[in-house]
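Worksheet: one structure, shown below.
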Amino acid sequence: MSDTPDPEKLPEPANLRLLRRLVLVLMGVMIVGLVTLLGLLVIRLTTTRAPLPAEITLPDGATATAFTQGSDWYAVVTRDDSILIFDRATGALRQTLQIAPAP
């Protein structure tokens, strides 16, 4: 008979027990974080946006360079540095803003 104890019958060291618990907690936090991140991405990417107008009628000679939209309006930036703001419901021109050239 040997005097060496069976390794499976030895008590677990306290440091090893703490390390095991820390690893389990970290794994849980990472899983919850990943599920939260994926959920936020799905929610953010599937929100409905305001529909684009089917047709925009610009004043004569105006060429569009950019487009943006709000809740009840959309705006077109033209090549001659003016911003045309249209009503979303009617498509009528609400306001024209002329951008001053840089000094």
Side-chain angles (χ1 to χ4, degrees):
M1 286 231 154
S2 138
D3 288 335
T4 59
D6 189 11
E8 295 196 13
K9 294 182 181 179
L10 288 175
E12 185 177 42
N15 289 344
L16 186 59
R17 194 173 329 126
L18 176 66
L19 182 61
R20 181 177 315 207
R21 288 181 183 157
L22 286 175
V23 168
L24 287 174
V25 168
L26 177 62
M27 182 181 65
V29 168
M30 288 176 64
I31 289 172
V32 169
L34 183 63
V35 167
T36 302
L37 183 65
L38 290 174
L40 287 174
L41 280 173
V42 167
I43 290 169
R44 185 79 170 157
L45 295 177
T46 58
T47 58
T48 58
R49 295 183 182 179
L52 293 174
E55 183 177 301
I56 299 173
T57 305
L58 297 176
D60 290 336
T63 304
T65 59
F67 173 84
T68 190
Q69 57 184 339
S71 59
D72 65 338
W73 57 270
Y74 56 89
V76 176
V77 180
T78 62
R79 217 176 272 263
D80 61 348
D81 291 329
S82 62
I83 301 173
L84 307 173
I85 301 175
F86 295 91
D87 186 73
R88 182 177 298 283
T90 64
L93 183 63
R94 262 198 212 176
Q95 186 178 4
T96 300
L97 302 170
Q98 191 63 38
I99 307 300

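Every heavy atom of this structure was used, including side-chain atoms; hydrogens, water molecules and symmetry mates were not. Small disclaimer: the values here were computed from a predicted structure and weren't measured.
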side-chain hydrogen bond (donor to acceptor under 3.5 Å, both in side chains) partners of [X], counting only residues at least two apart:
X: D80; result: T78, S82
X: T90; result: D87
X: D72; result: R94

Exercise. Tell me, which pairs form a side-chain hydrogen bond (donor to acceptor under 3.5 Å, both in side chains) where one or both residues lie in residues 17-39, sequence neighbours left out?
Worked result: E12-R20
For this session: Enumerate the residue pairs fulfilling salt bridge (Lys or Arg N to Asp or Glu O under 4.0 Å) with a member in residues 27-39, sequence neighbours excluded, ordered by first and then second residue.
Result: none
Exercise. Under the ring pair (Phe, Tyr, Trp, His ring centres under 6.0 Å) rule, what pairs show up with a residue in residues 18-44, not counting sequence neighbours?
Worked result: none
Seminar exercise, completed: ring pair (Phe, Tyr, Trp, His ring centres under 6.0 Å) pairs touching residues 83-103, sequence neighbours excluded, are Y74-F86
Exercise. Taking only residues two or more places apart in sequence, or in another chain, which ones meet P59 in a side chain to side chain contact (heavy atoms under 4.5 Å, CB included)?
Worked result: A62, L84
Problem set entry | side chain to side chain contact (heavy atoms under 4.5 Å, CB included) partners of M27, counting only residues at least two apart | L24, I31
Linked hydrophobic residues, [X] as query - side chain contacts closer than 4.5 Å:
X: V25; result: V29
X: L22; result: L18
X: W73; result: V77, I83, I85, L97, I99

For this session: Look only at the side chain of R88 and the backbone of G70, and say whether a donor-acceptor pair between them is shorter than 3.5 Å.
Result: yes
Exercise. Are L34 and L38 close enough, and set up right, to give a side chain to side chain contact (heavy atoms under 4.5 Å, CB included), and what steps lead you there?
Worked result: CA-CA 6 Å; L34 183 63; L38 290 174; 4.3 Å; yes
